[in-house]
Amino acid sequence: MEKEEAEAEVEMWKYIFGFVEMAVVKCAIELGIADVMESHSGPITLSSLSSSLGCSPSGLYRIMRFLVNRRLFKEVATSQGDTGYQQTPLSRRLMTRSENGMAALLLLESSPVMLAPWHGLSARLLGKGNATFDTAHGQDVWGYAASHPAHSKLINDAMACDARMAVSAIVNGCPEVFDGVSTLVDVGGGDGTALRTLIKARPSIRGINFDLPHVVSSAPKCNGVEYASGDMFDTVPKADAAFLMWVLHDWGDEECIQILEKCRQAIPGDKGKVIIVEAVIQENEKEGDHNNLKDVGLMLDMVMMAHTTTGKERTLKEWDYVLKKAGFNRYTVKPIRAVKSVIEAYP
């Protein structure tokens, strides 16, 4: 009992200062620490790093001490015997110029706009107000992005960051998903990163990137990808298959069914399919069968509660409900090396 009390106290301190990790990692990204270290051959000293970054050596030392303790960077000896710092696989995720970098995701979630709604979470549960994002900013996340270009770019950059990783995981883990697909419409495709990544691997596919006008207007052009603007609740461009990645979790069941029905109408009834890339929250987990990605899925569910009006992450039973209500009688679920799984739904 005494040991449990001591452990509880340590754990509680982690919650009290839980924001510190996000804030310090954000600082490291904004300073460009990982980018500078990657361009340096071998370990870099504090003096060289602070000179390259143009910041105070004493303050940087404290930041690096914290990050080394969190195992983001390593402290090693240089060839001259001085103390230096070295990259790790984790620190490379902080790079802003990397295919595997996740910096854009952290910059979005740690932005003041996205942090403010968390303070209204309890009020929402008590029924004392609207959705927390709406309460904090006077409109929902999509309306806010449409009228604030800088925030819209943060969202697009973060979704592009995730798209590069997720599409690569699909292409490497279950490439058969795209067999027989000549045309693919990416519904809510953002700046088109998912399709550009896919077409590099599968150049025979013609892509249609479909999103709201203010999103599509700033998307970079690419051979093999055409851009269409509109509202997925009204209509979806026709294609062999519709692709939805991290879209449906933003919406409640009724809205999901509407979107899926529009996708079903856009694909051939005999051989078409909808490819959904979303988290599937595991239920009935066996003791000892802990899954770190399930933790991420549950955290994403809290993000949906804070940032959307009706969005949520779904269990397999909840996916089954919306798919069947939308007219999809058959579906398969394939795990990939990501927090998300691939659901193939057939009319």
Side-chain angles (χ1 to χ4, degrees), residues 2-34 55 59-75 85 87-96 100-126 128-129 131-137 141 151 154-155 157-159 161-162 165 246 249-250 279 281-282 285 290-308 311-313 338-340:
E2 189 174 325
K3 181 184 176 184
E4 288 179 359
E5 286 294 337
E7 289 174 349
E9 182 178 344
V10 172
E11 196 69 20
M12 194 62 205
W13 279 115
K14 291 179 183 177
Y15 287 114
I16 292 166
F17 293 116
F19 69 92
V20 173
E21 287 185 340
M22 173 186 272
V24 177
V25 171
K26 180 180 183 178
C27 171
I29 293 169
E30 291 176 335
L31 290 173
I33 294 174
C55 63
L60 183 60
Y61 168 75
R62 292 164 67 188
I63 292 287
M64 293 305 295
R65 179 174 63 184
F66 180 89
L67 294 172
V68 167
N69 190 55
R70 290 299 185 280
R71 300 182 181 177
L72 271 92
F73 296 101
K74 283 182 181 176
E75 205 173 66
Y85 301 106
Q87 292 266 59
T88 67
L90 181 55
S91 70
R92 287 190 172 92
R93 297 283 179 167
L94 308 186
M95 292 168 58
T96 56
N100 293 322
M102 298 174 73
L105 284 160
L106 191 138
L107 291 177
L108 171 66
E109 295 301 335
S110 63
S111 67
V113 171
M114 299 305 259
L115 288 177
W118 288 100
H119 297 287
L121 200 56
S122 58
R124 174 179 176 170
L125 290 172
L126 292 168
K128 293 181 179 179
T132 55
F133 193 97
D134 300 44
T135 301
H137 302 297
V141 66
H151 189 68
L154 271 181
I155 292 175
D157 288 349
M159 294 304 98
C161 166
D162 176 71
M165 295 186 295
W246 260 9
H249 73 167
D250 291 325
I281 301 297
Q282 297 297 316
E285 194 173 51
H290 182 73
N291 182 353
N292 287 331
L293 288 179
K294 179 180 178 179
D295 284 351
V296 179
L298 294 175
M299 284 188 276
L300 277 169
D301 189 47
M302 295 297 97
V303 171
M304 293 302 104
M305 188 179 287
H307 292 160
T308 71
K312 62 179 178 179
E313 302 301 334
V339 66
K340 300 176 282 293

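Because the structure is predicted, anything quoted here is derived from the model rather than measured. We're numbering straight along the sequence, starting at 1.
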With a cut-off of 6.0 Å (strictly less than), are more than 12 heavy atoms of other residues, nucleotides or ligands near CD of Glu7? yes

Quick one, His151 with Met114, criterion side-chain contact (heavy atoms from CB on, under 4.5 Å). Give me CA distance, side-chain angles, the key distance, then yes/no. CA-CA 10 Å; His151 189 68; Met114 299 305 259; 3.7 Å; yes

Checking side-chain contact (heavy atoms from CB on, under 4.5 Å) for the pair Ile33/Phe73: CA distance, chi angles, key distance, verdict? CA-CA 10 Å; Ile33 294 174; Phe73 296 101; 3.6 Å; yes

Phe17 vs Phe19 aromatic rings, parallel, tilted or perpendicular, using cut-offs 30° and 60°? tilted

Begin from the C-alpha positions of Glu313 and Ile281 and carry the test side-chain contact (heavy atoms from CB on, under 4.5 Å) through to its verdict. CA-CA 7 Å; Glu313 302 301 334; Ile281 301 297; 3.9 Å; yes

Value rounded to 0.5 Å, distance of CZ in Arg71 from CG in Leu90: 11.0 Å

Going by heavy atoms in the side chains, are His307 and Glu109 under 4.5 Å from each other? yes

Can you see which heavy atom on Ala34 is nearest to which on Ser91, and at what distance? CB-O, 3.4 Å

Ring-face cation of Arg70 near Phe66 (centre distance under 6.0 Å, axis angle within 45°): yes

Quick check: does any side chain N or O of Thr132 sit under 3.5 Å from a backbone N or O of Leu121, one acting as donor and the other as acceptor? no

Nearest-0.5 Å distance that lies between atom OH in Tyr85 and atom NZ in Lys74: 15.5 Å

Main-chain N/O of Met304 paired to His249 side chain as donor or acceptor, under 3.5 Å: no

Heavy-atom donor-acceptor pair, His137 side chain to Val113 backbone, under 3.5 Å: yes

Mind checking whether Lys294 and Leu298 have side chains closer than 4.5 Å, heavy atoms only? yes

Point-to-point distance, once rounded to the nearest 0.5 Å, from CG of Asp157 to CG of Leu108: 9.0 Å

Could you tell me which non-hydrogen atom of Leu115 sits nearest to which non-hydrogen atom of Ser110, and how far apart they are? CD1-O, 3.3 Å

Does the Arg124 side chain pair with the main chain of Met305, one donor and one acceptor, at a distance under 3.5 Å? yes

Check whether any side-chain heavy atom of Leu106 lies under 4.5 Å from a side-chain heavy atom of Leu94, and answer yes or no. no

Just how far is it from atom CZ of Arg62 to atom CG of Leu60, taken to the nearest 0.5 Å? 11.5 Å

Tell me the closest heavy-atom pair linking Cys161 and Gly101, and the distance in Å. SG-O, 2.9 Å

Could you check whether atom CE of Met95 has more than 12 heavy atoms from other residues, nucleotides or ligands sitting under 6.0 Å from it? yes

Can you find a heavy atom in the side chain of Met165 that is under 4.5 Å from one in the side chain of Leu105? yes

List the steps and the verdict of side-chain contact (heavy atoms from CB on, under 4.5 Å) for Leu300 and Trp246. CA-CA 11 Å; Leu300 277 169; Trp246 260 9; 3.7 Å; yes

For Arg93 and Asn100, indicate whether the former's side chain and the latter's backbone hold a donor-acceptor pair under 3.5 Å. yes

